[in-house]
Amino acid sequence: MCGITGIISKNIINSDTLKRMNDEIKHRGPDGEGFFFSYGHTDSQGLPGFIPFAPELSHSVGLGHRRLAIVDLSPAGHQPMTLNDRYVITYNGEIYNHAELRTELEALGFTFKSHSDTEVILAAYAAWGAECLNKFNGMWSFVIIDTSLNKIFISRDRFGIKPFYYFCNSHQFIFASEIKSLTTNPNVVTSPDIEYCIDYYENGVNVEGTRTAFKSILRFPPASFVECSLDELLNQSLSPKRFWDVVPNVSNESFSESKATELAKEYYDILEDAVRLRLRADVKVGSALSGGLDSSSIVYLVNQLLRKQQSQDKQETFSCVYKTPGTESCDESKYIDSMASELEVRSNQIEPNVKDIPAEHRRVIYAMDHPPESSCMSAWHTFMRVADSDVTVTLDGQGADEQLGGYLGYIFVWFAQMPLVQAIKELPDVLQITGAWRRALPGIMVNIFKSLFGKSITNSLLKKFGYSWDPFVPLNEILLNHTKTDLVTLIHYADRTSMAFSIESRMPFMDYRLVEFLASVPVAYKLHGGWTKYLARRAFSGKLPDEIVWRKDKMGWPIPENFWFNGPLKDWMERTISSVKSCSWMSKLFPSGSIPDLSLLSMTKRIRLLNLSVWFQEFFPVVDSSK
């Protein structure tokens with residue numbers, strides 16, 4: 001897990017510029033740094049970690065790397081790394097099945113100098129070209145230069161877990177793991193994308209496309225690659241190709257008890273193997289624990305695997321709790337303590353201090369590069385607590401809700417789609433789930449309207465009432481779409497909040513084998529008997545405490561923002577927003593020229609305004625309001 005930077009240019013590269021870019025993301029790799037430059041640079045010899053390999057290329061190439069040592073902590077794992085005096089790579093991520101791939105490559109005649117997954121990537125590319133991507137199980141963003149063919153190979157993992165941003169024109173291609181690294185380069189000309197900011201305020205975060213909040217800075221898409229000559233890189237617009245996709249099962253298959261048993265076992269086995277692979281590290285591994293089913297499942301599997309390995313170490317878990325009067329509605333410590341006791345793990349807990357929120361909020365915004373949807377304080381403080389321990393890697397629970405129908409909103413769609421007789425039969429069960437009736441009853445009403453008037457008329461009525469989803473799109477299709485869109489936002493948060501503290505976050509639910517399997521599972525096994533995530537609950541029934549498995553009050557890492565921003569932090573929020581009221585984006589957001597009374601806005605809109613205000617202060621502190 002690391003940070004990467006690079007410049008490909010028609011002109012000589014200033015090594016100090018690349019060094020500044022690298023320094024800006026030191027938090028992604030505090031254990032070391034390294035640099036590669038093509039032939040013709042006389043000022044790079046004094047750089048730390050400079051590798052003595054300088055081939056002559058058609059364009060100037062400089063690659064930078066910040067190292068967070070996870071696998072092969074020796075100097076043999078140093079980057080940029082070369083292979084056979086031909087290939088050079090700068091890479092951020094982890095290939096979890098690198099040991100199996102190493103064995104396969106050794107059978108083809110490759111030999112290895114290190115135990116790192118980086119060297120496996122290079123050998124895999126040398127052996128299989130771009131097809132190597134389909135063999136990788138992991139998270140990555142990397143750039144490989146084939147110095148013999150004057151080619152570049154860029155790729156990002158299937159789900160975009162590891163970031164990659166770039167700026168390009170006809171003279172240069174500049175890339176980095178974070179936008180703040182790019183903006184230290186004087187050749188990167190950017191400004192706030194006001195239309196992006198307005199869309200964020202109106203509709204929320206969008207980090208799944210190529211567009212960013214910074215003009216002229218783009219995001220490389222997930223599950224994609226570019227393989228071209230250095231000439232083509234600068235003379236043509238970048239056109240990434242997808243190397244992976246998945247098709248959902250949209251059948252209306254009915255529930256079968258025997259098949260549910262079979263699917264639950266397969267789900268458990270795949271998830272267990274995903275956890276097994278993600279425990280591979282030469283540093284200490286822990287887990288984030290929220291108290292919900294997903295994180296508890298990961299903690300349980302880690303414990304089981306550690307016992308199989310006869311490890312004497314107690315598993316470390318990390319949690320953000322809220323016990324201060326006024327914040328208790330967001331507290332999940334009851335469930336966290338239950339899991340810690342049941343599995344005999346060492347529970348590390350932290351509670352945010354309201355006095356620290358303004359300063360920590362500013363740090364969050366800077367870490368994110370983009371204004372997020374919330375204050376992100378639960379995730380931020382969880383990794384802050386990890387950073388105070390000797391744990392460097394955590395296994396976390398992102399991804400299950402989107403794939404298994406874990407959010408209550410999916411109940412509306414399911415009750416609108418399932419046979420009406422079945423919907424009426426399941427209604428008493430779902431009404432026992434906290435808040436579920438608000439989704440189930442309207443879903444049944446839509447189901448009845450569909451039976452009476454058809455889908456087209458029903459959809460028209462829903463749109464008049466402001467409902468944006470089409471409830472007749474197959475639910476599995478909706479789940480997969482949310483996995484590719486909404487989940488990308490949560491993944492972005494996980495990467496930034498963890499890496500800000502030099503912690504690697506690994507996500508077993510994002511193992512591509514599990515994603516493919518769950519996309520193939522009929523929706524009848526995901527929502528059943530009134531339960532969301534039925535398949536997961538069934539898989540862990542009898543393994544985890546019933547109060548976790550069959551928990552009815554889903555919370556999902558909540559944050560007491562209403563308490564904070566309507567109470568002790570209300571004045572701070574108003575002052576912060578007012579401090580940038582003369583900025584151009586404010587005048588475009590509110591044509592009247594004045595910010596509306598914040599008390600008239602929803603908390604969601606107030607937090608978006610707060611995040612925008614701090615984002616401008618952090619990234620564009622001198623913005624001419626007249627422009």
Side-chain angles (χ1 to χ4, degrees), residues 286-300 315-361 364 372-389 391 394-398 400-401 406-408 432-436 490 493-494 497-498 501 505 532-533 537 540 544-570 573 603-604 606-607:
S287 301
L289 178 61
S290 70
L293 175 62
D294 305 335
S295 63
S296 297
S297 300
I298 301 301
V299 171
Y300 172 85
Q315 185 184 173
E316 304 267 0
T317 64
F318 301 88
S319 310
C320 186
V321 300
Y322 296 99
K323 299 180 180 180
T324 299
T327 68
E328 302 97 331
S329 63
C330 295
D331 186 49
E332 298 192 75
S333 56
K334 168 188 171 183
Y335 302 102
I336 293 166
D337 293 341
S338 173
M339 280 297 301
S341 174
E342 177 79 14
L343 298 178
E344 298 181 347
V345 300
R346 185 177 292 110
S347 177
N348 300 276
Q349 300 181 13
I350 186 173
E351 180 172 12
N353 187 324
V354 68
K355 295 180 181 178
D356 299 332
I357 299 302
E360 295 304 325
H361 176 265
V364 166
E373 184 68 357
S374 72
S375 65
C376 298
M377 284 296 125
S378 289
W380 184 258
H381 281 81
T382 299
F383 288 111
M384 183 188 296
R385 182 65 187 87
V386 179
D388 283 337
S389 73
V391 168
T394 61
L395 269 61
D396 304 324
Q398 288 88 354
D401 284 313
Y407 298 122
L408 290 181
Q432 297 180 40
I433 309 298
T434 303
L490 300 180
Y493 295 165
T497 52
S498 60
F501 295 100
S505 172
T532 61
K533 292 195 291 195
R537 296 179 195 276
F540 284 89
L544 293 173
D546 282 354
E547 65 175 342
I548 300 292
V549 175
W550 303 106
R551 184 175 167 185
K552 296 179 179 179
D553 61 329
K554 178 177 178 59
M555 294 175 70
W557 236 358
I559 309 169
E561 292 170 334
N562 280 300
F563 173 78
W564 288 342
F565 300 132
N566 282 325
L569 296 178
K570 182 179 180 181
M573 173 186 256
M603 182 55 69
T604 296
R606 277 187 270 169
I607 291 174

Trainee: Kindly indicate, with the supporting measurements, whether the criterion side chain to side chain contact (heavy atoms under 4.5 Å, CB included) is fulfilled by T327 and E351.
Mentor: CA-CA 10 Å; T327 68; E351 180 172 12; 4.0 Å; yes

Trainee: How far apart are the closest heavy atoms of G291 and E332, and which atoms are they?
Mentor: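 Scanning both residues completely, I find the closest heavy atoms to be C-OE1, 4.3 Å.
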
Trainee: Would you mind reporting whether R385 and S319 have side-chain heavy atoms less than 4.5 Å apart?
Mentor: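 Sidechains of R385 and S319: no contact.
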
Trainee: Taking the six-membered ring of Y335 as reference, does the NZ or CZ atom of R551 fall below 6.0 Å from its centre and within a 45° cone about the axis?
Mentor: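 Yes.
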
Trainee: Taking S297 for the side chain and L293 for the main chain, is one N or O donor matched with an acceptor at less than 3.5 Å?
Mentor: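 Yes, S297 side chain to L293 backbone: donor-acceptor pair under 3.5 Å.
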
Trainee: Under the side chain to side chain contact (heavy atoms under 4.5 Å, CB included) criterion, do I357 and M573 qualify, and how do the steps go?
Mentor: CA-CA 11 Å; I357 299 302; M573 173 186 256; over 6 Å; no

Trainee: Examine the side chains of Q349 and S347 and answer whether a donor and an acceptor come within less than 3.5 Å of each other.
Mentor: yes

Trainee: Is there side-chain contact between L569 and E561, with at least one heavy-atom pair below 4.5 Å?
Mentor: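 No, side chains not in contact.
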
Trainee: As an exercise, state the distance from CG of L343 to CG of L544, rounded to the nearest 0.5 Å.
Mentor: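 If we round to the nearest 0.5 Å, L343:CG and L544:CG are 7.0 Å apart.
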
Trainee: Taking E342 for the side chain and A340 for the main chain, is one N or O donor matched with an acceptor at less than 3.5 Å?
Mentor: no

Trainee: Working to the nearest 0.5 Å, report the span between OH of Y322 and CD of E328.
Mentor: 13.0 Å

Trainee: I'd like to check T532 versus R537 (side-chain heavy atoms, cut-off strictly below 4.5 Å). Are they in contact?
Mentor: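 Counting from C-beta outward, T532 and R537 do come under 4.5 Å.
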
Trainee: Less than 3.5 Å apart, any donor N or O on the side chain of S389 or E316 sitting next to an acceptor on the other?
Mentor: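 Side-chain D/A pair, S389 to E316: absent.
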
Trainee: Locate the shortest heavy-atom distance separating G435 from L408; write the atom from each residue and the value.
Mentor: C-CD1, 4.2 Å

Trainee: Would you say the side-chain atoms of Q315 pair up with the backbone N or O of S287, donor to acceptor, closer than 3.5 Å?
Mentor: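 Looks like no, no N/O pair under 3.5 Å.
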
Trainee: Is V354 close to M377 at the side-chain level, that is, under 4.5 Å between some pair of heavy atoms?
Mentor: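 No, too far: nothing below the 4.5 Å cut-off.
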
Trainee: Please answer whether the main-chain N or O of K334 pairs with a side-chain N or O of S338 as donor and acceptor at a distance below 3.5 Å.
Mentor: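 Side chain of S338 to backbone of K334, a donor-acceptor pair under 3.5 Å: no, none is there.
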
Trainee: I need the Y493 OH to S498 OG distance, nearest 0.5 Å.
Mentor: 14.5 Å

Trainee: Quick check against the 3.5 Å criterion: does D396 have a side-chain atom that pairs as donor or acceptor with the backbone of A288?
Mentor: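 Here the side-chain-to-backbone pair exists.
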
Trainee: Looking at CE of M384 and CZ of F501, how far apart are the two atoms once the value is rounded to the nearest 0.5 Å?
Mentor: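 CZ of F501 is found 4.0 Å from CE of M384.
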
Trainee: Let me see the working for H381 and N353 under side chain to side chain contact (heavy atoms under 4.5 Å, CB included), right down to the final yes or no.
Mentor: CA-CA 10 Å; H381 281 81; N353 187 324; over 6 Å; no

Trainee: For a 4.5 angstrom cut-off between non-hydrogen side-chain atoms, does W564 reach S375?
Mentor: yes

Trainee: Going by heavy atoms in the side chains, are S505 and F383 under 4.5 Å from each other?
Mentor: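 Yes, close enough: below the 4.5 Å cut-off.
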
Trainee: How long is the gap from CG on N348 to CZ on F318, to the nearest 0.5 Å?
Mentor: 4.5 Å

Trainee: Can you tell me how far CE of M603 sits from CG of N562, rounded to the nearest 0.5 angstrom?
Mentor: 4.5 Å

Trainee: Side-chain contact test, heavy atoms from C-beta onward, threshold under 4.5 Å: evaluate it for E360 versus P352 and give yes or no.
Mentor: no

Trainee: Tell me, do L289 and S296 make a side-chain contact under 4.5 Å, heavy atoms counted?
Mentor: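 Of all side-chain heavy-atom pairs linking S296 with L289, at least one is under 4.5 Å.
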
